[in-house]
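All values derive from a computational prediction rather than experimental measurement. So that the names make sense, note that chain A is the first sequence line, chain B the second, and so on, each numbered from 1.
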Amino acid sequence: MDFKLIGEDSKSKARAGEITTDHGKIETPIFMPVGTAGTVKAVHIRDIKEDTNAQIILGNTYHLYLRPGLDVLEPAGGLHKFNGWDRPILTDSGGYQVYSLSGTRKLTEEGVIFQSHIDGSRHSFTPERVMDIERTIGADIMMAFDECTPYPCDYDYAAKSLGITHSWLDRCIKRFNETECPYGHKQALFPIVQGSTFRDLRVKSAEYIASKNAEGNAIGGLSVGEPHDIMYEMTELVCNILPKDKPRYLMGVGTPANIIEGISQGVDMFDCVMPTRNGRNGMLFTSEGIINIKNKKWEKDFSPIDENGLSFVDSQYTRAYLRHLFAARETLGPMIASLHNLGFYLWLAKTARKHIIEGTFTEWKSMILPKLTHRL
RNA sequence: GUGAUUGUAGCUCAGUUGGCAGAGCACUGGAUUGUGGUUCCAGGGGUCGCGGGUUCAAGCCCCGUCUUUCACC
């Protein structure tokens, strides 16, 4: 993996760059659609590639390990071959899922013993095991196994958890260096900064992660319910410590406004379930504001979904028709809304990049921000 | 025609000994941040078939009437 900076904004920390992987280039800042179970829910691979122009998607170690399992993914030739996505893939390590999904779990210095949310079966994740699984999935970017602390989180727990995350990182790096991709392409390992909402823990973690000189670095443990200003404060703090010449990935963020703020603080990569999950539930992010397509006010609105949108669904379908699909619980409704939202998120990142390169990012940001939170 | 039976929110139905009219679904809003195609929160909505009567008080008891379904002539 390679990363080079293309341009920097003079009035903020925003920067434009380019990541090169064996599966192609990623122009940053970038939004990465989430494809937890090997699919970006309700959207065809063809539409993600050709309509939203996404350059990288996510997969999830926890979910893919449980289903379909490595005994399917390995003979399939890895996730790229399995789902037909030939551009870059990033796999989340499962640390977040062990925290958010698993009913009963036991966390020790060694690793985590958890129960499957599907059938209750017991499994064990250690840093070594997670590295092996991510090798078998074959993602271009593998995330280190961490513990995502909840919010709120008391200081003692956050400090103890951080120690575990750091020691797990060392074991991830060791295993990563001892193994290689079974399919022949290169894989990168990104460590994750934790430390909850405590400045000293975040600084300590960011310095530790920076010292590993990884090919890219991630900020985790945010967007878990804390106020936005705390999220921004922690992001800014950490970005000032993480190396400038490596991509920075803010995990799980966020709303369009969160992403613009993150970009201005020097974050290069984002992922979030919001465009797809909220899309499936009728919430649309458009160029003029946020729409709840289920609202009665759209019942007889025969205007296009988003007259400025670049996705084919934006002009193909009307708001009234999309509302009807949701009211009738037709499968096409969530499909249209998901594709539209992904198109909008990708447009947002691409347009931010253009303005960073042209030197007009700050002006554009102050123009676009009110529209991103406005409700139609 | 006779004997039973039914009628309460848009729908399906609870409603105790007579004591503030309820639920689920639907509808109207809101939430959702490294995804279990969800889930959660809030709100609006009633001439208790209709007309009388008893009672401090009736969805509930009494009388009449209409209505639903069933059985028998």
Side-chain angles (χ1 to χ4, degrees), chain A residues 31-43 56-64 66-67 89-103 115-120 130 134 139 141-151 165 190-194 217-228 230-232 235 248-259 261-262 267 269-285 290-299 323 326-335 337-338 341-342 345 375:
Chain A
F31 177 78
M32 308 181 284
V34 178
T36 307
T39 163
V40 178
K41 293 183 192 298
V43 187
I56 172 172
I57 63 172
L58 261 67
N60 186 274
T61 302
Y62 170 93
H63 289 279
L64 292 169
L66 288 178
R67 194 167 52 192
I89 293 176
L90 179 151
T91 39
D92 186 21
S93 65
Y96 184 82
Q97 280 63 39
V98 168
Y99 135 78
S100 70
L101 285 182
S102 198
Q115 278 188 280
S116 161
H117 69 280
I118 300 167
D119 61 7
V130 168
E134 292 194 80
I141 298 172
M142 300 168 36
M143 300 308 298
F145 190 52
D146 65 338
E147 192 202 2
C148 181
T149 50
Y151 178 84
T165 287
F190 281 23
I192 303 170
V193 174
Q194 289 290 345
N217 301 290
I219 305 165
L222 294 176
S223 66
V224 289
E226 77 285 1
H228 282 179
I230 292 181
M231 180 174 84
Y232 296 145
T235 304
R248 303 175 185 135
Y249 165 29
L250 181 54
M251 304 183 78
V253 174
T255 65
N258 291 161
I259 288 172
E261 289 294 347
V267 176
M269 304 162 73
F270 302 85
D271 79 281
C272 191
V273 303
M274 195 169 275
T276 42
R277 177 192 283 165
N278 288 27
R280 284 197 305 281
N281 288 301
M283 187 171 176
L284 306 182
F285 299 94
I290 297 169
I291 289 177
N292 182 347
I293 200 65
K294 293 192 278 195
N295 286 170
K296 198 170 184 64
K297 63 197 286 190
W298 310 116
E299 190 176 32
R323 176 182 139 88
F326 271 94
R329 291 188 157 77
E330 283 290 338
T331 306
L332 185 59
M335 291 173 69
S338 297
N341 279 347
L342 288 177
Y345 267 65
R375 298 189 75 93

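- Within 4.0 Å of A:Q194, counting heavy atoms only, lies at least one base atom of the nucleic acid.
- Of the candidates B:A26, B:U28, B:U33, the closest approach to any side-chain atom of A:R323 belongs to B:U28.
- The backbone N or O of A:G59 sits nowhere less than 3.5 Å from a side-chain atom of A:T36 that would complete a donor-acceptor pair.
- Only the C1' atoms considered, B:C20 is 37 Å distant from B:U32, to the nearest whole Å.
- Distance A:N60 CG to B:G36 P: 8 Å, rounded to the nearest Å.
- Using N1 to N3 plus N6-O4 or O6-N4 for Watson-Crick, or N1-O2 and O6-N3 for G-U wobble, each under 3.5 Å, B:G22 pairs with B:C13.
- Atoms CD1 and CZ, on A:I291 and A:R323 in that order, are 13.0 Å from each other to the nearest 0.5 Å.
- Atoms CG (A:N292) and C1' (B:U32) sit 12 Å apart, rounded to a whole Å.
- When both distances must be under 3.5 Å, the Watson-Crick or G-U wobble mate of B:G64 is B:C50.
- Atom-to-atom, CD1 of A:I290 to P of B:U33 comes out at 14 Å; the value is rounded to the nearest Å.
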Review item, nucleotides 37-41 of chain B N/O atoms under 3.5 Å of protein N/O:
from  : atom 1 : to     : atom 2 : distance (Å)
B:G37 : OP2    : A:K41  : NZ     : 2.8
B:G37 : O6     : A:A42  : N      : 3.3
B:U38 : O4     : A:N281 : ND2    : 3.1

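- Residue contacts shown for A:R67 are absent, as no nucleic acid heavy atom lies under 4.0 Å away.
- Atom CE of A:M231 is separated from atom P of B:U33 by 12 Å (rounded to the nearest Å).
- The residue A:L90 sits apart from the nucleic acid: no heavy atom pair falls under 4.0 Å.
- Residue A:N295 places its side chain closer to B:G29 than to any other of B:G29, B:G34, B:U33.
- Nucleotides B:G18 and B:C60 are separated by 11 Å at their P atoms, to the nearest Å.
- Remark: the separation of the P atoms in B:C25 and B:U39 is 10 Å, to the nearest Å.
- Remark: the backbone N or O of A:G252 is paired with a side-chain donor or acceptor of A:D271 at under 3.5 angstrom.
- Nucleotides B:C66 and B:U54 place their C1' atoms 23 Å apart, quoted to the nearest Å.
- Using a 4.0 Å heavy-atom criterion, one finds that A:G95 contacts no nucleic acid atom at all.
- Spacing between B:G43 and B:U6 at atom P, rounded to whole Å, works out to 35 Å.
- Of the candidate nucleotides B:U32, B:G36, B:A26, B:G36 has the atom nearest to the side chain of A:H117.
- Separating the P atom of B:C41 from that of B:C50 is a span of 35 Å, rounded to the nearest Å.
- Closest to the side chain of A:H63, from the set B:G36, B:G29, B:U33, is B:G36.
- Using atom C1' as the reference point in both B:A21 and B:G15, the two lie 9 Å apart (nearest Å).
- Considering only the side chain of A:M283, B:U32 comes nearest among B:G34, B:U32, B:U33.
- A donor-acceptor pair under 3.5 Å is formed between the side chain of A:N341 and the backbone N or O of A:F285.
- In this structure, of B:U33, B:G34, B:A31, it is B:A31 that holds the atom nearest to the side chain of A:R375.
- Between A:A327 and A:C272, the residue anchored closer to the 5' end of RNA chain B is A:A327, taking for each the nucleotide with the nearest heavy atom.
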Does the pair A:H63 and A:H117 meet the rule for a side chain to side chain contact (heavy atoms under 4.5 Å, CB included), with working shown? CA-CA 9 Å; A:H63 289 279; A:H117 69 280; 3.8 Å; yes

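- Of the possible donor and acceptor atoms, one in the side chain of A:E134 sits under 3.5 Å from a partner among the backbone N and O of A:M143.
- Taking atom P on both B:G7 and B:C61, the two are 11 Å apart, rounded to the nearest angstrom.
- Per the geometry, CG belonging to A:L342 stands 17 Å off P belonging to B:U33, to the nearest Å.
- For the pair A:L58 CG and B:U33 C1', the interatomic distance rounds to 13 Å; values are reported in whole Å.
- What separates CG of A:D92 from C1' of B:G34 is a distance of 4 Å, to the nearest Å.
- Remark: side-chain polar atoms of A:T91 are not paired, donor with acceptor, to backbone N or O of A:T61 under 3.5 angstrom.
- Computed from coordinates, the A:K296 NZ to B:G43 C1' distance equals 15 Å when rounded to whole Å.
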Checking A:T235 against A:I219 for the side chain to side chain contact (heavy atoms under 4.5 Å, CB included) test, could you report, in this order, the C-alpha distance in whole Å, the side-chain angles of both residues, the deciding distance, and whether it holds? CA-CA 7 Å; A:T235 304; A:I219 305 165; 4.3 Å; yes

Criterion side chain to side chain contact (heavy atoms under 4.5 Å, CB included) on A:L90 and A:Y249, from CA distance to verdict: CA-CA 11 Å; A:L90 179 151; A:Y249 165 29; 3.8 Å; yes

